[in-house]
Participant: 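I'd like to ask some things about the structure below.
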Amino acid sequence: MKKRKIRFRSKGMTKKMLAMIAAVCMFAGTSVTASAETVVWDYKVGGLCCKEQDGSLAVNKWVHDDFTELWFYFGNDGLALASYLKQPCPILTAPDGTLYTDERVRSATGQPGQQPVFSIPSAQKDLRYKGLRQTLDSIPLYPDATTNMPELDAMLDNIFAQIITPDMDTHDKLKACYDYLILNIKDERYEEVYDEGFEFTIKVGPDASGTYNNAYGTLVTKLGVCDTFSATFAAMAWKLGLPMYIVAGSTTTSGGGYTPHAWCQMDGPDGTVYVFDPHIDYLITLRGNGTISNVRFGPTQAQVAGNIQK
């Protein structure tokens with residue numbers, strides 16, 4: 001059998017692993033700039049970057065990629081923090097100072113005029129972190145009615161029908177989504193994946209969001225990295241109605257030091273920041289011979305302060 005070859009196709013573009021693009025947007029009063037150079041994946045730099053004509057990296061600006069005809073935002077390290085967007089997007093600032101894109105139910109108030117729904121009561125205990133269940137169950141929910149990608153909507157509906165039951169509270173619904181990713185999505189860098197190659201078309205939605213594209217690609221191929229594990233989890237959380245968002249930064253490695261990473265966060269009603277990192281728990285589960293890990297399911301930012309940095 002041969003190793004699976006994945007080809008993503010968009011506007012004539014072929015890319016291996018859409019999972020290699022970050023889904024966090026950053027904008028701090030910088031100008032929107034078009035570039036004659038194309039966006040590339042550079043292993044020496046460590047991700048998507050754009051080389052200026054003088055050879056330097058594009059930093060702290062939006063770049064319109066001539067090849068894909070889509071927008072990318074590059075942070076102060078030259079790496080893409082927002083990618084494959086149809087247009088530059090509005091930015092919000094979380095209570096902890098994190099900048100993130102304004103996408104539907106990332107907002108704690110949902111769509112204009114949208115009425116919240118609430119979790120069913122639960123008397124179950126916390127799984128690991130004290131107070132997490134109560135926090136999740138207390139949040140007013142503003143479910144994302146549609147992703148504007150019919151194929152992704154159908155996939156999420158099908159997955160939810162398999163993993164979510166009416167008697168679940170918000171905590172258990174979100175945990176079911178988390179576990180689904182851990183058990184069903186693989187990272188080629190850590191697991192051998194065998195199958196025939198195939199193609200599918202990446203659809204760029206009208207809301208200038210790369211997150212749904214990442215989620216769609218991840219669920220179709222069953223492959224991902226930290227960026228798209230996070231994007232898919234965020235899309236699932238938005239469907240439930242939780243104000244999840246994606247953060248780019250670094251996480252500790254087993255050999256010491258830090259490596260570039262992306263994860264999800266959510267702000268509690270009192271401003272406490274909660275961390276959700278399905279890719280790290282996927283790796284811990286993989287190394288633990290399939291015993292599902294929930295080490296990064298809902299700790300506070302303070303509880304994992306030594307393990308992540310932005």
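This chain uses plain numbering: 1 for the first residue, then up along the sequence. Side chains included, hydrogens not; waters and symmetry mates left out as well; all remaining heavy atoms used.
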Participant: Could I get the full list of salt bridge (charged side-chain N to carboxylate O under 4.0 Å, His left out) partners for Asp167, not counting sequence neighbours?
Facilitator: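 Partners of Asp167 under the salt bridge (charged side-chain N to carboxylate O under 4.0 Å, His left out) test: none.
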Participant: What pairs with Asp42 under salt bridge (charged side-chain N to carboxylate O under 4.0 Å, His left out), at least two apart in sequence or on another chain?
Facilitator: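 Partners of Asp42 under the salt bridge (charged side-chain N to carboxylate O under 4.0 Å, His left out) test: Lys51.
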Participant: Check for a donor-acceptor pair, side chain of Ser56 on one end and backbone N or O of Glu52 on the other, with a separation under 3.5 Å.
Facilitator: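 No.
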Participant: Is it true that the side chains of Asp153 and Thr146 contain a donor and an acceptor less than 3.5 Å apart?
Facilitator: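 Their side chains do contain a donor-acceptor pair, which is all the 3.5 Å distance test asks for.
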Participant: Scan for salt bridge (charged side-chain N to carboxylate O under 4.0 Å, His left out) pairs involving residues 114-133, sequence neighbours excluded, and state none if there are none.
Facilitator: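 Pairs touching residues 114-133 that pass the test: Arg133-Asp169, Arg133-Asp172.
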Participant: Applying side chain to side chain contact (heavy atoms under 4.5 Å, CB included), can you list everything that pairs with Pro269, at least two apart in sequence or on another chain?
Facilitator: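 For Pro269 the side chain to side chain contact (heavy atoms under 4.5 Å, CB included) partners, ignoring immediate neighbours, are Thr135, Ser138, Ile139.
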Participant: Going by the rule side-chain hydrogen bond (donor to acceptor under 3.5 Å, both in side chains), which residues pair with Thr253 if we only count those two or more places apart in sequence or in a different chain?
Facilitator: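 For Thr253, no residue satisfies side-chain hydrogen bond (donor to acceptor under 3.5 Å, both in side chains) once neighbours in sequence are set aside.
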Participant: Within the side chain of Thr272, is there an N or O that forms a donor-acceptor pair under 3.5 Å with the backbone of Gly268?
Facilitator: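 A pair under 3.5 Å: no.
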Participant: Tell me whether the rings of Trp263 and His261 are parallel (<30°), tilted (30 to 60°) or perpendicular (>60°).
Facilitator: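 Plane angle under 30°, so parallel.
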Participant: Which donor-acceptor pairs under 3.5 Å do the side chains of residues 174-185 make with protein atoms, sequence neighbours left out?
Facilitator:
residue: Lys175; atom: NZ; partner: Asp179; partner atom: OD1; Å: 2.6
residue: Lys175; atom: NZ; partner: Asp179; partner atom: OD2; Å: 3.0
residue: Tyr178; atom: OH; partner: Asp277; partner atom: N; Å: 3.4
residue: Tyr178; atom: OH; partner: Asp277; partner atom: O; Å: 3.0
residue: Tyr178; atom: OH; partner: Asp281; partner atom: OD2; Å: 2.5
residue: Tyr178; atom: OH; partner: Arg296; partner atom: O; Å: 3.2
residue: Tyr180; atom: OH; partner: Lys222; partner atom: NZ; Å: 2.9
residue: Asn184; atom: ND2; partner: Tyr180; partner atom: O; Å: 2.8

Participant: State which residues pass side chain to side chain contact (heavy atoms under 4.5 Å, CB included) with Asn289; sequence neighbours excluded, sorted by chain then number.
Facilitator: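 For Asn289 there are no side chain to side chain contact (heavy atoms under 4.5 Å, CB included) partners, ignoring immediate neighbours.
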Participant: Among residues at least two apart in sequence or on other chains, which ones pass side chain to side chain contact (heavy atoms under 4.5 Å, CB included) with Pro260?
Facilitator: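 Result, side chain to side chain contact (heavy atoms under 4.5 Å, CB included) vs Pro260: none returned.
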Participant: Identify, with sequence neighbours excluded, every residue that meets salt bridge (charged side-chain N to carboxylate O under 4.0 Å, His left out) alongside Asp187.
Facilitator: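 Per chain and number, Asp187 pairs via salt bridge (charged side-chain N to carboxylate O under 4.0 Å, His left out) with Arg189.
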Participant: Who passes side-chain hydrogen bond (donor to acceptor under 3.5 Å, both in side chains) against Thr300, sequence neighbours left out?
Facilitator: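 side-chain hydrogen bond (donor to acceptor under 3.5 Å, both in side chains) list for Thr300, sorted by chain: Gln303.
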Participant: For the pair Tyr282 and Phe229, name the ring-plane relationship: parallel under 30°, tilted 30 to 60°, perpendicular over 60°.
Facilitator: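 Plane angle between 30° and 60°, so tilted.
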